[in-house]
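I have placed the structure first, in the form of C-alpha coordinates, so that the comments after it can refer back to it.
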Amino acid sequence: MQKLIGIKKINIAVFISGNGSNFKNLIFYSLKKNSKYRIKLLISNKRNAMGLQYAKKYKIKKKIINYNNKKIAEKNILSELKKNQIDLICLAGFMKILSGNLIKRFKGKIINVHPSLLPKYKGLNTHQRAIDNNEIYSGCTVHYVSTKLDSGKIILQKKVKIFKNDTAKKLAKKILKQEHFLYPKALNKVLINL
Ligand code: GAR
(Lines give C-alpha, C1' and ligand atoms only; values in the text may rest on other atoms or scores of the structure.)
Protein backbone atom coordinates (compact mmCIF):
# COMPACT_ATOMS: atom_id res chain seq x y z
CA MET A 1 0.00 0.00 0.00
CA GLN A 2 1.13 3.51 -0.80
CA LYS A 3 1.18 6.14 1.94
CA LEU A 4 -0.03 9.50 0.65
CA ILE A 5 0.00 12.26 3.22
CA GLY A 6 -1.40 10.07 5.94
CA ILE A 7 -3.89 8.26 3.70
CA LYS A 8 -3.13 4.71 2.70
CA LYS A 9 -4.08 4.22 -0.92
CA ILE A 10 -4.51 0.78 -2.44
CA ASN A 11 -2.31 0.26 -5.49
CA ILE A 12 -4.24 -1.22 -8.38
CA ALA A 13 -3.10 -2.78 -11.64
CA VAL A 14 -5.68 -2.94 -14.42
CA PHE A 15 -5.34 -5.61 -17.14
CA ILE A 16 -6.87 -4.99 -20.56
CA SER A 17 -6.84 -6.40 -24.10
CA GLY A 18 -8.98 -3.94 -26.03
CA ASN A 19 -10.96 -0.71 -25.85
CA GLY A 20 -10.35 -0.06 -22.18
CA SER A 21 -13.58 1.81 -21.45
CA ASN A 22 -13.73 0.14 -18.02
CA PHE A 23 -10.11 1.12 -17.45
CA LYS A 24 -10.89 4.74 -18.32
CA ASN A 25 -13.90 4.64 -16.04
CA LEU A 26 -11.88 3.27 -13.12
CA ILE A 27 -9.30 6.02 -13.63
CA PHE A 28 -12.13 8.54 -13.41
CA TYR A 29 -13.28 7.09 -10.07
CA SER A 30 -9.73 6.80 -8.74
CA LEU A 31 -9.26 10.54 -9.25
CA LYS A 32 -12.25 11.43 -7.09
CA LYS A 33 -11.47 13.26 -3.89
CA ASN A 34 -12.09 10.47 -1.39
CA SER A 35 -10.90 7.58 -3.52
CA LYS A 36 -9.12 4.88 -1.54
CA TYR A 37 -7.16 3.60 -4.49
CA ARG A 38 -4.95 4.67 -7.27
CA ILE A 39 -4.28 2.97 -10.57
CA LYS A 40 -0.59 2.49 -10.67
CA LEU A 41 -0.09 0.10 -13.54
CA LEU A 42 -1.74 -0.92 -16.79
CA ILE A 43 -1.01 -4.33 -18.25
CA SER A 44 -2.03 -5.13 -21.82
CA ASN A 45 -1.37 -8.29 -23.79
CA LYS A 46 -2.04 -6.33 -26.99
CA ARG A 47 0.42 -3.79 -28.30
CA ASN A 48 -2.34 -1.96 -30.19
CA ALA A 49 -5.07 -2.06 -27.54
CA MET A 50 -7.15 1.12 -27.80
CA GLY A 51 -7.17 1.43 -24.03
CA LEU A 52 -3.44 2.13 -23.95
CA GLN A 53 -4.23 5.74 -24.89
CA TYR A 54 -5.72 6.33 -21.43
CA ALA A 55 -2.51 5.26 -19.72
CA LYS A 56 -0.71 7.89 -21.75
CA LYS A 57 -3.34 10.55 -21.12
CA TYR A 58 -3.44 10.00 -17.35
CA LYS A 59 0.27 9.23 -16.99
CA ILE A 60 -0.19 5.70 -15.73
CA LYS A 61 2.69 3.31 -16.15
CA LYS A 62 1.95 0.74 -18.84
CA LYS A 63 3.45 -2.59 -19.65
CA ILE A 64 2.75 -4.58 -22.80
CA ILE A 65 3.15 -8.27 -22.18
CA ASN A 66 4.04 -10.60 -25.00
CA TYR A 67 1.97 -13.75 -24.56
CA ASN A 68 3.79 -16.00 -27.04
CA ASN A 69 4.92 -17.98 -24.04
CA LYS A 70 2.42 -17.87 -21.18
CA LYS A 71 4.92 -18.94 -18.52
CA ILE A 72 7.33 -16.15 -19.42
CA ALA A 73 4.43 -13.70 -19.80
CA GLU A 74 3.23 -14.39 -16.28
CA LYS A 75 6.75 -14.26 -14.90
CA ASN A 76 7.02 -10.75 -16.35
CA ILE A 77 3.61 -9.82 -15.00
CA LEU A 78 4.51 -11.00 -11.50
CA SER A 79 7.73 -9.04 -11.61
CA GLU A 80 5.86 -5.85 -12.64
CA LEU A 81 3.28 -6.37 -9.92
CA LYS A 82 6.02 -6.71 -7.33
CA LYS A 83 8.03 -3.78 -8.64
CA ASN A 84 4.98 -1.53 -8.48
CA GLN A 85 3.80 -2.81 -5.10
CA ILE A 86 0.41 -3.78 -6.46
CA ASP A 87 -2.21 -4.73 -3.87
CA LEU A 88 -5.13 -5.57 -6.15
CA ILE A 89 -5.66 -6.57 -9.79
CA CYS A 90 -8.71 -5.48 -11.78
CA LEU A 91 -9.29 -7.40 -14.99
CA ALA A 92 -11.20 -5.22 -17.42
CA GLY A 93 -11.70 -6.90 -20.77
CA PHE A 94 -8.51 -8.94 -20.38
CA MET A 95 -8.95 -11.85 -22.75
CA LYS A 96 -6.22 -14.15 -21.43
CA ILE A 97 -6.79 -16.79 -18.79
CA LEU A 98 -4.53 -16.44 -15.77
CA SER A 99 -2.78 -19.56 -14.52
CA GLY A 100 -3.57 -21.16 -11.18
CA ASN A 101 -0.10 -20.16 -10.01
CA LEU A 102 -0.67 -16.44 -10.58
CA ILE A 103 -4.18 -16.59 -9.12
CA LYS A 104 -2.89 -18.32 -5.98
CA ARG A 105 -0.12 -15.74 -5.60
CA PHE A 106 -2.80 -13.02 -5.55
CA LYS A 107 -5.44 -15.02 -3.72
CA GLY A 108 -8.59 -12.95 -3.15
CA LYS A 109 -6.94 -9.98 -4.80
CA ILE A 110 -8.00 -10.35 -8.42
CA ILE A 111 -11.41 -9.23 -9.60
CA ASN A 112 -13.02 -9.30 -13.03
CA VAL A 113 -16.01 -7.86 -14.84
CA HIS A 114 -17.93 -10.25 -17.03
CA PRO A 115 -20.75 -9.34 -19.43
CA SER A 116 -23.42 -11.78 -18.27
CA LEU A 117 -25.35 -12.72 -15.18
CA LEU A 118 -22.97 -15.40 -13.94
CA PRO A 119 -23.14 -18.35 -13.48
CA LYS A 120 -24.94 -18.06 -16.82
CA TYR A 121 -22.87 -17.60 -19.98
CA LYS A 122 -19.33 -18.02 -18.80
CA GLY A 123 -16.63 -17.53 -21.44
CA LEU A 124 -17.05 -15.82 -24.79
CA ASN A 125 -19.91 -14.70 -27.05
CA THR A 126 -22.17 -14.11 -24.05
CA HIS A 127 -24.62 -11.68 -25.68
CA GLN A 128 -25.47 -13.81 -28.71
CA ARG A 129 -25.91 -16.88 -26.55
CA ALA A 130 -28.28 -15.02 -24.20
CA ILE A 131 -30.33 -13.75 -27.18
CA ASP A 132 -30.40 -17.18 -28.85
CA ASN A 133 -31.74 -18.69 -25.63
CA ASN A 134 -34.58 -16.11 -25.54
CA GLU A 135 -33.45 -14.78 -22.19
CA ILE A 136 -35.48 -11.86 -20.86
CA TYR A 137 -32.53 -10.53 -18.92
CA SER A 138 -28.79 -10.51 -19.22
CA GLY A 139 -26.42 -8.19 -17.39
CA CYS A 140 -22.99 -7.97 -15.89
CA THR A 141 -21.13 -9.42 -12.94
CA VAL A 142 -18.09 -8.36 -10.97
CA HIS A 143 -16.54 -11.37 -9.29
CA TYR A 144 -13.37 -12.63 -7.64
CA VAL A 145 -11.14 -14.60 -9.96
CA SER A 146 -10.67 -18.23 -9.02
CA THR A 147 -8.91 -21.05 -10.82
CA LYS A 148 -12.17 -22.04 -12.54
CA LEU A 149 -13.12 -19.71 -15.41
CA ASP A 150 -15.74 -17.06 -14.50
CA SER A 151 -16.68 -19.05 -11.40
CA GLY A 152 -15.26 -17.08 -8.46
CA LYS A 153 -17.41 -15.55 -5.73
CA ILE A 154 -19.80 -12.91 -7.05
CA ILE A 155 -19.34 -9.39 -5.64
CA LEU A 156 -22.13 -7.52 -7.45
CA GLN A 157 -24.43 -8.00 -10.42
CA LYS A 158 -26.68 -5.77 -12.48
CA LYS A 159 -29.57 -7.02 -14.62
CA VAL A 160 -30.20 -5.58 -18.08
CA LYS A 161 -33.43 -6.24 -19.99
CA ILE A 162 -33.15 -7.82 -23.41
CA PHE A 163 -35.63 -6.37 -25.91
CA LYS A 164 -36.99 -8.28 -28.90
CA ASN A 165 -35.03 -6.16 -31.37
CA ASP A 166 -31.72 -6.29 -29.46
CA THR A 167 -28.74 -7.51 -31.45
CA ALA A 168 -25.62 -8.79 -29.70
CA LYS A 169 -23.99 -5.44 -30.48
CA LYS A 170 -26.86 -3.40 -29.03
CA LEU A 171 -26.98 -5.57 -25.94
CA ALA A 172 -23.20 -5.37 -25.44
CA LYS A 173 -23.45 -1.57 -25.52
CA LYS A 174 -26.26 -1.47 -22.95
CA ILE A 175 -24.43 -3.87 -20.66
CA LEU A 176 -21.12 -2.04 -20.96
CA LYS A 177 -22.85 1.12 -19.80
CA GLN A 178 -23.96 -0.72 -16.65
CA GLU A 179 -20.49 -2.16 -16.13
CA HIS A 180 -19.27 1.40 -15.74
CA PHE A 181 -21.52 1.83 -12.69
CA LEU A 182 -21.07 -1.65 -11.33
CA TYR A 183 -17.28 -2.01 -11.39
CA PRO A 184 -16.40 1.01 -9.19
CA LYS A 185 -19.19 0.07 -6.79
CA ALA A 186 -17.92 -3.51 -6.53
CA LEU A 187 -14.37 -2.26 -6.13
CA ASN A 188 -15.36 -0.14 -3.14
CA LYS A 189 -17.00 -3.20 -1.62
CA VAL A 190 -13.82 -5.22 -2.11
CA LEU A 191 -11.62 -2.52 -0.60
CA ILE A 192 -13.57 -2.59 2.66
CA ASN A 193 -12.64 -6.26 3.06
CA LEU A 194 -9.07 -6.04 1.82
C1 GAR B 1 -16.50 -5.67 -21.28
O2 GAR B 1 -17.83 -5.82 -21.71
C3 GAR B 1 -16.13 -6.79 -20.32
O4 GAR B 1 -17.19 -7.21 -19.51
C5 GAR B 1 -15.75 -7.87 -21.30
O6 GAR B 1 -15.03 -7.21 -22.31
C7 GAR B 1 -15.53 -5.87 -22.42
C8 GAR B 1 -14.34 -4.94 -22.33
O9 GAR B 1 -14.72 -3.63 -22.62
N10 GAR B 1 -14.96 -8.89 -20.66
C11 GAR B 1 -15.02 -10.17 -21.00
O12 GAR B 1 -15.70 -10.59 -21.88
C13 GAR B 1 -14.10 -11.05 -20.18
N14 GAR B 1 -14.48 -12.41 -20.32
P15 GAR B 1 -13.71 -2.43 -22.36
O16 GAR B 1 -12.37 -2.84 -22.97
O17 GAR B 1 -14.33 -1.27 -23.10
O18 GAR B 1 -13.61 -2.21 -20.88
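Just follow the structure's listing: the first ligand is 1, and inside any ligand the first atom is 1. Only this structure's heavy atoms are used, side chains among them; waters, hydrogens and symmetry mates stay out. This is a predicted model, so every value here is computed, not measured. Counting from 1, the numbers follow the sequence of the chain as shown.
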With A186 via side chain to side chain contact (heavy atoms under 4.5 Å, CB included) - residues at least two apart: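 Partners of A186 by the side chain to side chain contact (heavy atoms under 4.5 Å, CB included) criterion, ordered by chain and then number, come out as V142, I155, L156.
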
Polar side chain donor-acceptor pair, Y121 to N133, under 3.5 angstrom: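 Y121 vs N133: donor-acceptor pair found between side chains.
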
Face-on cation placement of K57 at Y54 ring, 6.0 Å and 45° thresholds: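 That pair does not qualify as a cation-pi contact.
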
Within one Ile-Leu-Val-Met-Phe-Trp-Tyr cluster: L26 and Y144, side-chain cutoff 4.5 Å: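 Yes; tracing contacts between hydrophobic side chains, which count when under 4.5 Å, links both residues.
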
Partners passing side chain to side chain donor-acceptor pair (under 3.5 Å) against Q157 (at least two apart in sequence or in another chain):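 Expected list: T141.
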
Neighbouring protein residues of ligand 1 - any heavy atom closer than 4.0 Å: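 Close residues (ligand 1, cut-off 4.0 Å): N19, G20, S21, N22, G93, M95, V113, H114, P115, L176, E179.
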
Set of residues satisfying ring pair (Phe, Tyr, Trp, His ring centres under 6.0 Å) with respect to Y183, sequence neighbours excluded: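 Scan of Y183 (ring pair (Phe, Tyr, Trp, His ring centres under 6.0 Å), adjacent residues dropped) gives none.
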
